2 protein chains.
Amino acid sequence: MAQRNTWQRDRVRAALADSQGFVSAQELHAMLRADNTGIGLATVYRALSTLAASGEADQLQSPDGEAIYRACTSTGHHHHLICRGCGLTVEIQADDVEAWARRTAATHGFTHAQHIVDIFGLCPDCSAKAAAEDSDAG
Amino acid sequence: MAQRNTWQRDRVRAALADSQGFVSAQELHAMLRADNTGIGLATVYRALSTLAASGEADQLQSPDGEAIYRACTSTGHHHHLICRGCGLTVEIQADDVEAWARRTAATHGFTHAQHIVDIFGLCPDCSAKAAAEDSDAG
DNA sequence: TTAGGTGCAAAACCTTTGCACACAG
DNA sequence: CTGTGTGCAAAGGTTTTGCACCTAA
């Protein structure tokens with residue numbers, strides 16, 4: 001039948017739960033290897049896919065183009081505030097926007113809707129640096 | 001010295017402006033090749049990076065893990081509801097979201113903030129087709 | 001002239017897949 | 001026993017990079 005309960009799967013799940021924010025499959029694999037398990041990279045990917053499919057994990061794309069995962073928290077996902085200067089990424093809650101996106105898709109009869117909501121800008125540090133360079137370099 | 005003004009760069013910029021919504025570098029390259037230009041894939045990537053760095057284009061990750069770009073329109077800001085199946089694009093107004101984005105950036109001390117708010121999904125037609133295939137094959 | 005841009009192809013990167021074997025049920 | 005899961009490595013995809021030539025200022 002469906003899924004078996006292997007220690008590999010458990011380790012992946014545990015490592016995922018252990019991580020506070022998002023983790024890439026590569027990072028997860030590295031963690032697991034460092035943890036003295038001879039787990040394979042493909043296994044990590046497969047476990048992650050399965051976990052994501054069964055709703056135990058959330059999967060999305062990092063700004064770097066990697067797939068990143070997090071243990072599934074009961075309530076929806078969030079979005080990102082990304083610094084163009086240093087790459088700093090702040091996770092933001094946007095329940096209103098979630099609702100708006102769903103409503104907008106439904107209004108137009110769209111199904112299977114995913115939304116992209118991200119804000120690019122300069123973080124406080126980079127804003128200060130940019131201002132300094134501006135008056136400095138002219 | 002800074003950037004030169006090559007026809008390749010111009011074509012990339014034009015193709016980008018020509019596209020409603022987001023386009024991947026691969027798609028852009030295909031368009032440009034079909035347009036009778038012998039432009040190279042690497043050139044498209046390089047032009048896109050330059051454009052993104054100079055603020056003329058916005059770059060982000062599609063749900064499929066590709067980097068996607070769109071022309072940065074300084075005026076008449078609106079968003080898109082894009083059909084994954086047939087490419088149909090609906091322009092949507094989102095004043096509430098505009099306000100929210102501005103507020104969120106400010107709250108975190110971010111400056112020069114631009115936001116990306118787009119929804120990908122299946123339009124009514126493609127939804128129906130997908131449902132038909134589902135009950136047919138499943 | 002100068003130095004940045006271009007094209008091609010190979011490299012690098014992340015992710016998926018084929019295969020033989022092991023292990024959960 | 002049955003069939004899913006695993007590990008390895010090779011394949012697949014996208015994006016970057018090296019190099020020689022070209023071209024815009």
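Just so it is clear, the model here is predicted, and its values are computed rather than measured.
Rounded to whole Å, atom P of dG7(C) lies 11 Å from atom CZ of R9(B). In this structure, the CD atom of E66(B) is 7 Å from the C1' atom of dT14(D), given to the nearest Å. The separation between R33(B) atom CZ and dG7(C) atom C1' is 9 Å, rounded to whole Å. The distance from atom CG of D10(A) to atom C1' of dT6(D) is 15 Å, rounded to the nearest whole Å. Between the P atom of dG5(D) and the CD1 atom of I39(A) lies a distance of 14 Å, rounded to the nearest Å. Nucleotide dT14(D) holds its C1' atom 13 Å from the CD atom of E27(B), rounded to whole Å. If you take CG of N5(A) and C1' of dG3(D), they are 16 Å apart, rounded to a whole angstrom. In this structure, the NE2 atom of H29(A) is 12 Å from the P atom of dT6(D), given to the nearest Å.
The closest side-chain heavy-atom distance from T50(A) to E56(A) is not below 4.5 Å. Taking the side chain as every heavy atom from C-beta outward, Q8(B) and V12(B) never approach each other to under 4.5 Å.
Residues A105(A) and I119(B) come closest through the heavy atom pair CB-CG2, 4.4 Å. In terms of heavy-atom proximity, W100(A) sits nearest to V97(B) at CD2-CG2, 3.5 Å.
Q26(A) and Y45(A) share a side-chain donor-acceptor pair at under 3.5 Å.
When D35(B), T6(B), T37(B) are each tested for a side-chain hydrogen bond (donor to acceptor under 3.5 Å, both in side chains) with R11(B), only one passes: D35(B).
Between W7(B) and Q26(B), the residue anchored nearer the 5' end of DNA chain D, judged by the nucleotide with its closest heavy atom, is Q26(B).
Heavy atoms of A47(A) sit nowhere under 4.0 angstrom from any nucleic acid atom.
Phosphate contact (OP1/OP2 of dT6(D), side-chain N/O of T6(A), threshold under 4.0 Å): present. Using a 4.0 Å cut-off, no side-chain N or O of Q8(A) falls inside it from OP1 or OP2 of dC23(C).
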For this session: Take nucleotides 16-22 of chain D nucleotide by nucleotide from the 5' end and write B, S or -, depending on whether a protein heavy atom sits under 4.0 Å from the base, only from the sugar-phosphate, or from neither.
Result: BBB----
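Rounded to the nearest 0.5 angstrom, R13(A) CZ and D18(A) CG are separated by 14.0 Å.
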